[in-house]
Protein chains: 2
Amino acid sequence: MKASKLKRLQAAGWKAGSAAEFLGLSGQEAALVDLKLALVTAVRATRRKRGISQIDLAQRMRSSQSRIAKIEAGDASVSLDLIVRALIAAGASQKDVQRAFIAIG
Amino acid sequence: MKASKLKRLQAAGWKAGSAAEFLGLSGQEAALVDLKLALVTAVRATRRKRGISQIDLAQRMRSSQSRIAKIEAGDASVSLDLIVRALIAAGASQKDVQRAFIAIG
DNA sequence: GGAGTCTATGTCAAATACGACATAGCTGGC
DNA sequence: GCCAGCTATGTCGTATTTGACATAGACTCC
């Protein structure tokens, strides 16, 4: 069958080079974390630049103050979606976003 | 109490200018959708450029072929997190990622 | 020192996103 | 034709993420 073959392939993928895959994965995860951190910094910077409070920003994106606080704190329970939504809602300009990436580049 | 006042503020925020807020929100959502679309396109382009299949990519990021298909199809059940993870796993350069994100302007 | 504002942190039920799986369609080589 | 690999779509149980709420700390102004 198809599915069983697919599964065998996946199982094989696990066995062969699992250490390398782990390293690769952790590298990918690190890149994602870096990206999140940069964006989170941009959220706080943009919000402050616009002089709006966490409550204000929460209202703008139909979220709550506590979520904004968690976003800015880099809380693990915050998705990239939410971070970017906050960035957009805060009114980040293209330059703001670009600046966020400079740390990564 | 604090909380009740906060709640009143949020309720007021709802009432006053709800139409404008709705328009604002839908604009934000549109921006997010545009961003996702740009990234999704980059995922497929990068994957094809590297000559890897959806199964390959799925293994690289410990996901499944069906999820990759959904990512590339722009399925609503796919988060920005997963899209970016796919982009990174596909081997997109940081410049590629940046380029896609800059669309927020 | 009390009141107001802003931010941080923890909890929780409900909503959403996840991987896995099944299965179908499509294409190209045999 | 048939088979193989690749992709698309739907479902499902589980895991993660969410907004809301409570509450506490820091700081300012009266």
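A quick note: this is a predicted structure, and the numbers were derived from the prediction, not measured. Within every chain, numbering begins at 1; the chains are lettered A, B, ... in the order of the sequence lines, protein sequences first and strands thereafter.
- Map B/A69 and A/V78 each onto its nearest nucleotide of DNA chain D; the residue landing nearer the 5' end is B/A69.
- Closest heavy-atom contact between B/A90 and B/L57: N-CD1, 3.6 Å.
- B/R67 has its CZ atom 16 Å from the P atom of D/dG13, to the nearest Å.
- Across C/dG19, D/dT17, C/dC6, the shortest atom-to-atom separation from the side chain of A/S79 is found for D/dT17.
- If you take CE of A/M61 and P of D/dT17, they are 15 Å apart, rounded to a whole angstrom.
- A/L80 places its CG atom 11 Å from the P atom of C/dC18, with the value rounded to the nearest Å.
- Distances were taken from every side-chain heavy atom of A/E72 (C-beta onward) to each of C/dA20, C/dA8, D/dT7; the shortest belongs to C/dA8.
- Although no hydrogens or angles enter the test, the distance criterion places a donor-acceptor pair under 3.5 Å between the side chain of A/R50 and the main chain of A/G91.
- You'll find that the side chain of A/L82 is closest to D/dG19, out of D/dG19, C/dA20, C/dA17.
- Taking CD1 of A/I71 as the start and CD of A/Q54 as the end, the distance is 9.0 Å to the nearest 0.5 Å.
- When distances run from any side-chain atom of A/S66 to the nucleotides D/dA20, C/dA20, D/dT17, the shortest one goes to D/dA20.
- Between B/V40 and B/E72, the shortest heavy-atom contact is CG1-O, 3.6 Å.
- The two atoms that bring B/V97 and B/L87 nearest to each other are CG2-CD2, 4.1 Å, heavy atoms only.
- Here C/dC18 presents its C1' atom at 10 Å from NZ of B/K70, a figure rounded to the nearest Å.
- Note on B/R47 versus B/D56: no salt bridge recorded, every NZ/NE/NH1/NH2 to OD/OE distance being 4.0 Å or above.
- For B/S77 and C/dA17, the shortest distance from a side-chain N or O to OP1 or OP2 is not below 4.0 Å.
- Of the residues in residues 40-49 of chain B, those with a non-hydrogen atom less than 4.0 angstrom from any atom of DNA chain D are B/R44, B/R47.
- For B/S64 against B/A58, the heavy-atom pair with the smallest separation is C-CB, 3.4 Å.
- In this structure, A/Q65 atom CD and D/dG25 atom P are separated by 16 Å, rounded to whole Å.
- Residue B/Q54 contributes atom CD, which lies 19 Å from atom P of C/dA24 at whole-angstrom precision.
- In this structure, A/L57 atom CG and D/dG19 atom P are separated by 11 Å, rounded to whole Å.
- One atom, CG of A/D75, and another, C1' of D/dG19, lie 14 Å apart when rounded to the nearest Å.
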